[in-house]
Number of protein chains: 2
Amino acid sequence: MALTDPTTRPAGPIVHPFIAKLDGFVALTEEAKAALKQASLGAHLIGPRIDLLREGDMPEGGILITEGIACRYKHRANGARQITAYLVPGDTCDLEFHPFREMDDAIATVSACRVARISAATLNELVAGHPTVAQALRMTALVDKATLREWLLNIGSRSAMERIAHLFCELFVRLQTVGLTAEDGYVLPMTQSDLADTAGLSSVHVNRSLQSLRRQGVIDLKGKNLTILDWARLKTIAEFKANYLHLGDRAAA
Amino acid sequence: MALTDPTTRPAGPIVHPFIAKLDGFVALTEEAKAALKQASLGAHLIGPRIDLLREGDMPEGGILITEGIACRYKHRANGARQITAYLVPGDTCDLEFHPFREMDDAIATVSACRVARISAATLNELVAGHPTVAQALRMTALVDKATLREWLLNIGSRSAMERIAHLFCELFVRLQTVGLTAEDGYVLPMTQSDLADTAGLSSVHVNRSLQSLRRQGVIDLKGKNLTILDWARLKTIAEFKANYLHLGDRAAA
DNA sequence: CGAGGACTTGAAAGCATTCAACTGAGGTGG
DNA sequence: CCACCTCAGTTGAATGCTTTCAAGTCCTCG
């Protein structure tokens, strides 16, 4: 079962995942691509488990992940944490920037990441000067919302194993579009505790659910390497449809 | 305990909740207000429990709710339904419009609603001609996302009673900003089954949780009339902080 | 080699679901 | 005008998924 078509899929990671992502939504002009490239220069390398923005911060601009995986999360008074999104290379947050807005959640790296900060000024130039970029950014906001809704469905109505299977499916497809998957798997830097806080489960139960998936021969997960042994079955378990990601013809089988 | 300040809060429903909402985010010019008023003319009256858009539809423009309450939802193959958002007067969907985009979820009325459809053309004029409107619309998209994240936290980490309490708090604050609350309550058109599909619970358990809230003297719910008997306690139970709604100085105590 | 974090496993307890039956209110048609 | 139907809400009991608590293993890193 070929998950990727080598004639159209990149062999390795895409150099500018952000540009590739936007270009996939709306065909960008060459000037727009150049401007985006310029804007994403000067990305910093940041270690794992570091907060990029905290609740209550007033960000000066937006954030772009170039390498690694980050997450958005919220904390409760009792210490419980809910992860509300994963950011993979090419993903951004708070580009629909608005002045005097306090963060109502936090952003942190999961693995080590390369992170570019995009100032409000740069952003304004980008949007004002390049209508295609503006349109593509609106589309990313739309996809972000659709993804949040799908996660709500996931947590609200699926069983533990289904939730995890769904997350694995989504990450596979998203990472695939930026060339960060192997033929049948990818690097999963989250701990089981992270997965628990993502899926609204206890880490013990995540552990048992993963074992169930392993026992059924659907996945193999050793350390941080996730191998999908039976993509069709994983999709069936998760009831996964990629339509909410709005990838168009980039969508995997 | 005065929930509303009669000197600053409207006594009745706001005539143009959409304009009031946007104006609260970004001060609108008079021309912008006039244009918005024009755009929201011709709202249709639609009965309860009617689909406005279905999954797979390609909407021609956006939707604005002028009266009543609607919801966004997704269905699973097994018939399970997850409500992912409630739309109250002044709320919109799909104004961050993008051509050739298929709906990945559905929109339906809960109560009878007055609904205005805003064409892509009108929308483009509005955004192109009125920067304040464009900025305010970006802000609504931001708040929509923040609300989805809060719901994720709600379903993912709170107990049944807490989830319901949180929803009641959120709706109170949102309805209050458009003048649709009484001093200590509001009209709640959702059935217990709707609440169940919102909170990721069974309707039986919603019923029992409501009774628990009633027994504690926190709320009174008769038919479609919700009365909040103890706002402080309801907020405490829900661990409700309105910051994610980004209402600024409009926020209730 | 020690320490700590991640992962695993077992058993008990609990919150939530399912099934099933019943009440009550609202609307329809004879 | 009332019987009847339907849907929303209520209640009880049994089941079960998930959590919690606790202890122990494995692995990595300093």
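Note that the CD1 atom of Ile69(A) and the OH atom of Tyr86(A) stand 8.5 Å from one another [nearest 0.5 Å].
Scored by the salt bridge (charged side-chain N to carboxylate O under 4.0 Å, His left out) test, Arg163(B) finds no partners at all (sequence neighbours excluded). Residues passing the side chain to side chain donor-acceptor pair (under 3.5 Å) test with Arg117(A): none are found, sequence neighbours excluded. Not counting sequence neighbours, the partners of Ser159(B) by the side chain to side chain donor-acceptor pair (under 3.5 Å) test are Glu162(B). In this structure Lys241(A) satisfies the salt bridge (charged side-chain N to carboxylate O under 4.0 Å, His left out) test together with Glu55(B), sequence neighbours excluded. Remark: Gln82(B) pairs with no residue by the side chain to side chain donor-acceptor pair (under 3.5 Å) rule, at least two apart or across chains. Applying the salt bridge (charged side-chain N to carboxylate O under 4.0 Å, His left out) test to Asp57(B) and every residue at least two apart in sequence or in another chain returns nothing. In this structure, the side chain to side chain donor-acceptor pair (under 3.5 Å) partners of Lys145(B), at least two apart in sequence or on a different chain, are Glu96(A), Asp144(A).
Note on the helix from dC1(C)-dG30(D) to dG30(C)-dC1(D): angle between the axes of the first and last five pairs equals 40°, rounded to 10 degrees.
Applying the ring pair (Phe, Tyr, Trp, His ring centres under 6.0 Å) definition to pairs two or more places apart or across chains, those involving residues 51-83 of chain A are Tyr73(A)-His75(A). For residues 106-116 of chain A, the salt bridge (Lys or Arg N to Asp or Glu O under 4.0 Å) pairs, not counting sequence neighbours, are Glu67(A)-Arg114(A).
In 5' to 3' order, the nucleotides of DNA chain D bounding all contacts with chain A (an atom under 4.0 Å from a heavy atom) are dT18(D) to dC21(D).
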A correct 5'-to-3' footprint of nucleotides 5-19 of chain C, with B, S and - meaning base, sugar-phosphate only and no protein heavy atom under 4.0 Å, is -SSBBBB----SBBB

